[in-house]
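Heavy atoms only: backbone and side chains are in, while hydrogens, waters and symmetry mates are out. Letters A, B, ... are given to chains in the order of the sequence lines, protein chains preceding strands, and every chain is numbered from 1.
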2 protein chains.
Amino acid sequence: MERRNTPTKEAVLELLVKSGEAMSRDTIEQKITQNINRATIYRVLNRFCEDGVVHKIVAEDGKQYFAVCANCDDKVLSGHHFHFRCIECETIECLPVSVNFSVPNGYQVASVNCVLSGTCKDCSR
Amino acid sequence: MERRNTPTKEAVLELLVKSGEAMSRDTIEQKITQNINRATIYRVLNRFCEDGVVHKIVAEDGKQYFAVCANCDDKVLSGHHFHFRCIECETIECLPVSVNFSVPNGYQVASVNCVLSGTCKDCSR
DNA sequence: TAGTTATTGCGAAATAATCGCATTTATATG
DNA sequence: CATATAAATGCGATTATTTCGCAATAACTA
Ligand SMILES: [Mn+2]
Ligand SMILES: [Mn+2]
Ligand SMILES: [Zn+2]
Ligand SMILES: [Zn+2]
């Protein structure tokens, strides 16, 4: 199944790239001018994930957030990195902080999901 | 509001302590012999969290899991530590691996939620 | 231009967690 | 032990998030 270019795809990706932060489905739906169906947005995002264009973060609120992969040339962001969720402004961003760990023998890590919560630099002041 | 001892409270806590792993509401409901209402289980667990008896983990499936705090005398587990979710047996456990990070200036971390996913030592075979 | 099929829209469905409110029950007090 | 207070519970409804089935649409290929 080869991918096709659609206005929806482009609009979602452009929004994520421009904002530079991780966004949830409903936020994406709000910020995009044109009307895009809820299920479609999820499908577009999940396809982006499959293609390695964006990555999914599950925050402490249990919701899914999506951010473009390595939007800056920071080497840290290309690998596993921490995410920060501000409990004030609700924004979620990729931190340029890599996740380091070593698991006990026998464990095989397939994916990593690390989210720090608190107040971001804008809201701390 | 002072706390009262109830059979439900004791049953839930005993289950968590005995198993030593993190469990979701539905798993707890299944494993407890007596019938306990769904909402009640959530309320009991959230009260435990408030009291610092258990801690909540949000996994990549978006669900909440609860584990007793520092069930062993491992110093690592008393602080922030990684969790492991096996995609085979679905169990979630506290890893004796501490989470180390340093956030950019201005950020204030209030809580940490780190979950590694993959196959556990039993399922890696 | 026509055919193939990826993509979308729509509604329903599945799942998780919470809430309001009446009822029960743990605990303190006389 | 009897009684009062309010914490805890049960139940149903409710909210929220995400997915699914299927028919309709539209992107790409030839
Ligand atoms: Mn990220
Ligand atoms: Mn833990
Ligand atoms: Zn903020
Ligand atoms: Zn396993």
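Residue contacts shown for Arg38(A) include a base, since a base heavy atom lies under 4.0 Å away. The residue Asp61(B) sits apart from the nucleic acid: no heavy atom pair falls under 4.0 Å.
Applying the 3.5 Å distance criterion, the base of dG10(D) shares a donor-acceptor pair with the side chain of Arg43(B).
Look at Thr8(B) and you'll find a side-chain N or O under 4.0 angstrom from OP1 or OP2 of dT9(D). A close approach under 4.0 Å does occur between a side-chain nitrogen or oxygen of Thr6(A) and OP1 or OP2 of dT8(C). Checking the phosphate oxygens (OP1, OP2) of dT18(C), a side-chain nitrogen or oxygen of Asn46(B) falls inside 4.0 Å. Within the 4.0 Å cut-off from OP1 or OP2 of dA8(D), at least one side-chain nitrogen or oxygen of Arg3(B) is found.
There is no side-chain donor-acceptor pair under 3.5 Å between Tyr65(A) and Glu93(A). Side-chain contact of Glu60(B) with Ser111(A): a donor-acceptor pair under 3.5 Å is present, judged by distance alone.
Which of dA8(D), dC28(D), dG10(D) sits closest to the side chain of Thr40(B) comes down to dG10(D). Of the candidate nucleotides dT29(D), dC10(C), dA17(C), dA17(C) has the atom lying nearest to any side-chain atom of Gln64(B). Set against dT18(C), dA26(C), dT8(C), the side chain of Tyr42(B) has dT18(C) as its closest nucleotide. Distance from the side chain of Lys63(B) is smallest for dA17(C) among the nucleotides dG10(D), dT18(D), dA17(C). Listed nucleotides: dA8(D), dC10(C), dA27(D). Nearest to the side chain of Asn37(A): dC10(C).
Atom CZ of Arg4(B) is separated from atom P of dT9(D) by 11 Å (rounded to the nearest Å). Between Glu90(A) atom CD and dA16(D) atom P there is a gap of 14 Å when expressed in whole angstrom units. Remark: P of dT17(D) and CD1 of Ile57(A) are 17 Å apart, rounded to the nearest angstrom. The interatomic distance linking Ile41(A) (CD1) with dC10(C) (P) rounds to 12 Å, in whole Å. In this structure, Asp26(A) atom CG and dT15(D) atom P are separated by 17 Å, rounded to whole Å. Note: CG (Asn5(B)) to P (dA8(D)) measures 9 Å, nearest angstrom. When rounded to the nearest whole Å, the span between NZ of Lys56(A) and C1' of dT19(D) equals 11 Å. In this structure, Arg47(A) atom CZ and dT5(C) atom C1' are separated by 13 Å, rounded to whole Å.
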Worked check of side-chain contact (heavy atoms from CB on, under 4.5 Å) between Val68(B) and Phe48(B) = CA-CA 9 Å; Val68(B) 291; Phe48(B) 279 154; over 6 Å; no
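Ion pairing of Lys9(B) with Glu14(B) is absent here, as no side-chain N (NZ or NE/NH1/NH2) approaches a carboxylate O to less than 4.0 Å. For Arg38(B) and Asp26(B), the salt-bridge test fails: no basic side-chain N is under 4.0 Å from an acidic carboxylate O.
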